[in-house]
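Here is the structure we will look at.
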2 protein chains.
Amino acid sequence: MRIDTKTALLNSAEQAARRRGFDGFSYADLAKDVGIRKASIHHHFPTKAALSVALMQRYAAEIRQALSAIDTTHPSGCARLAALIDHYRGALNGGKSLCLCVSFSTSRDSLPADVITEIRSFRQMVIGWLTNTFELGQSDGTIAEVTEPAKEAAASLPLLEGAQLTARAQENLDLFENGVQLLRQRLANPS
Amino acid sequence: MRIDTKTALLNSAEQAARRRGFDGFSYADLAKDVGIRKASIHHHFPTKAALSVALMQRYAAEIRQALSAIDTTHPSGCARLAALIDHYRGALNGGKSLCLCVSFSTSRDSLPADVITEIRSFRQMVIGWLTNTFELGQSDGTIAEVTEPAKEAAASLPLLEGAQLTARAQENLDLFENGVQLLRQRLANPS
DNA sequence: TTTTATCTACCTACTACTTGGTTGGTAAAT
DNA sequence: ATTTACCAACCAAGTAGTAGGTAGATAAAA
């Protein structure tokens, strides 16, 4: 089944951005990957900035869905948190890529203000979800040592992102696991 | 007092890299900042890759010094850890820049293998220092809830780096503080 | 149903720089 | 005389983008 060109471009751009950062890929890369002329990309995305907006919005929608799915399929606090940790681990693609939000953050000066705002919303949303998850883990007793869920959430997201960064730099998933090890140990028995 | 051109170039490049990432600055930026012709930079740094090596080595030497100075001037575990947190906060420059290691990590595919190796050594060194610091904090009783210093260290560095990333994306130091808040709360009374 | 008009999505050719780098040269310091 | 550190001029490839065009699909009109 063939996908439409716009989606193919978004897929290609997302992969490139998550692997090389916003300043590390060009329209020429996408053109070669998708198989159309570089100038044609402007029909779908008039500027690179517009492309970054579309990428970030799509990425945020996708993780919103992922978090919603976790809530549906994982009843306990610890299972939800474990699922999120695994989501961030999965986004590493074996060490070859990062979460889009992370890869965009270091080149934020190259991005339009809309995207900076989206990045902020993205992190707030994830921290909000984490806060709920720590609250659940506290009340159902499946996450150990939770006294202030909001503060736990505020620490856990940067931990996940920092652990991603370390693993990406060395293309080594073990480094991600080293970073989140203590967090995992607090989970009762996620399944 | 005038500094030598090579040092001026390193300073300029470091600032640019920590602000915009490796792919986000060019020799033309440095030339304009330092006030020499772009082509002249090649006398000091034949390739951009060579420049990245010099940057990373200098940065690693500087933090080695900083950690050593912390050990000398801070006797307790909590005071040392607080000083490192403040060091990472300081590297943000009010939200305008990142630690070099962080900013290089997302564009690691553009960097020579030597630098990837240096980044790994850098992180190992900091984690080693953190391990010692958690051990000290455990034995002198100034860092609360330390059971496994090495795991604490392995979690704390990604936390600091992730918190930096968040604060950098929004140019807002409060976000750094939100991330490290729980960690700070475990420190007895750093001074 | 057929024809015409419009839209979509691609193309070529081009623009104006910009990138990291090479080359040959010169001025000043040693 | 030699070395250091700069210069101008240049290179080839690359960057994001503009402009005019066409082929095929789709919608509207006849």
Pair A:R168, B:S105 - check side chain to side chain contact (heavy atoms under 4.5 Å, CB included), show working. CA-CA 7 Å; A:R168 170 80 187 97; B:S105 292; over 6 Å; no
Carboxylate-amine/guanidinium proximity below 4.0 Å for B:R80 and B:D140: no
Out of D:dA9, C:dC10, C:dC11, which nucleotide sits closest to the side chain of A:R37? C:dC11
State whether B:D109 and A:K96 are salt-bridged, where the test is any N-O pair (Lys NZ or Arg NE/NH1/NH2 against Asp/Glu carboxylate O) under 4.0 Å. no
Measure from CG on A:L30 to P on C:dA9 and round the result to the nearest Å. 17 Å
Is B:S40 close enough to D:dC7 that one of its side-chain N or O atoms is under 4.0 Å from OP1 or OP2 there? yes
Phosphate contact (C:dC11 OP1 or OP2) by A:H43 side-chain N/O below 4.0 Å: no
What's the CG-C1' distance between B:D4 and D:dT3, to the nearest Å? 17 Å
Please tell me if B:H42 has a side-chain N or O lying less than 4.0 Å from either OP1 or OP2 of C:dT23. no
Quick one: which of C:dG20, D:dA16, C:dT19 gets closest to the side chain of B:Y27? C:dG20
What nucleotide among D:dC6, C:dT19, D:dG17 has an atom nearest to a side-chain atom of A:T47? D:dG17
Under a 3.5 Å distance rule, please check whether A:R186 uses its side chain to pair with a backbone N or O of A:A144 as donor and acceptor. yes
CD1 of B:I41 versus P of D:dA5: gap in Å, rounded? 15 Å
In whole Å, I'd like the distance from the NZ atom of A:K6 to the P atom of C:dA9. 9 Å
Taking atom C1' of D:dC6 as reference, at what distance in whole Å does atom NZ of B:K32 sit? 20 Å
Spell out yes or no: do the side chain of A:K48 and the base of D:dG17 have one donor N/O and one acceptor N/O closer than 3.5 Å? no
What does B:F25 touch in the nucleic acid at a heavy-atom separation under 4.0 angstrom: a base, only the sugar-phosphate, or nothing? sugar-phosphate
Do the ring planes of B:Y27 and B:H42 sit parallel (below 30°), tilted (30 to 60°) or perpendicular (above 60°)? tilted
Measure CG/B:D23 against P/C:dT19 and give the value in whole Å, please. 12 Å
Side chain of A:I36, heavy atoms from C-beta onward: which of C:dG20, C:dC10, D:dA8 has the nearest atom to it? C:dC10
Between B:F22 (CZ) and C:dG20 (C1'), how many Å, whole number? 10 Å
What is the separation between atom NE2 on B:H44 and atom C1' on C:dG20, rounded to the nearest whole Å? 16 Å
Base, sugar-phosphate, or nothing: which does A:A39 touch, judged by heavy atoms less than 4.0 Å apart? base
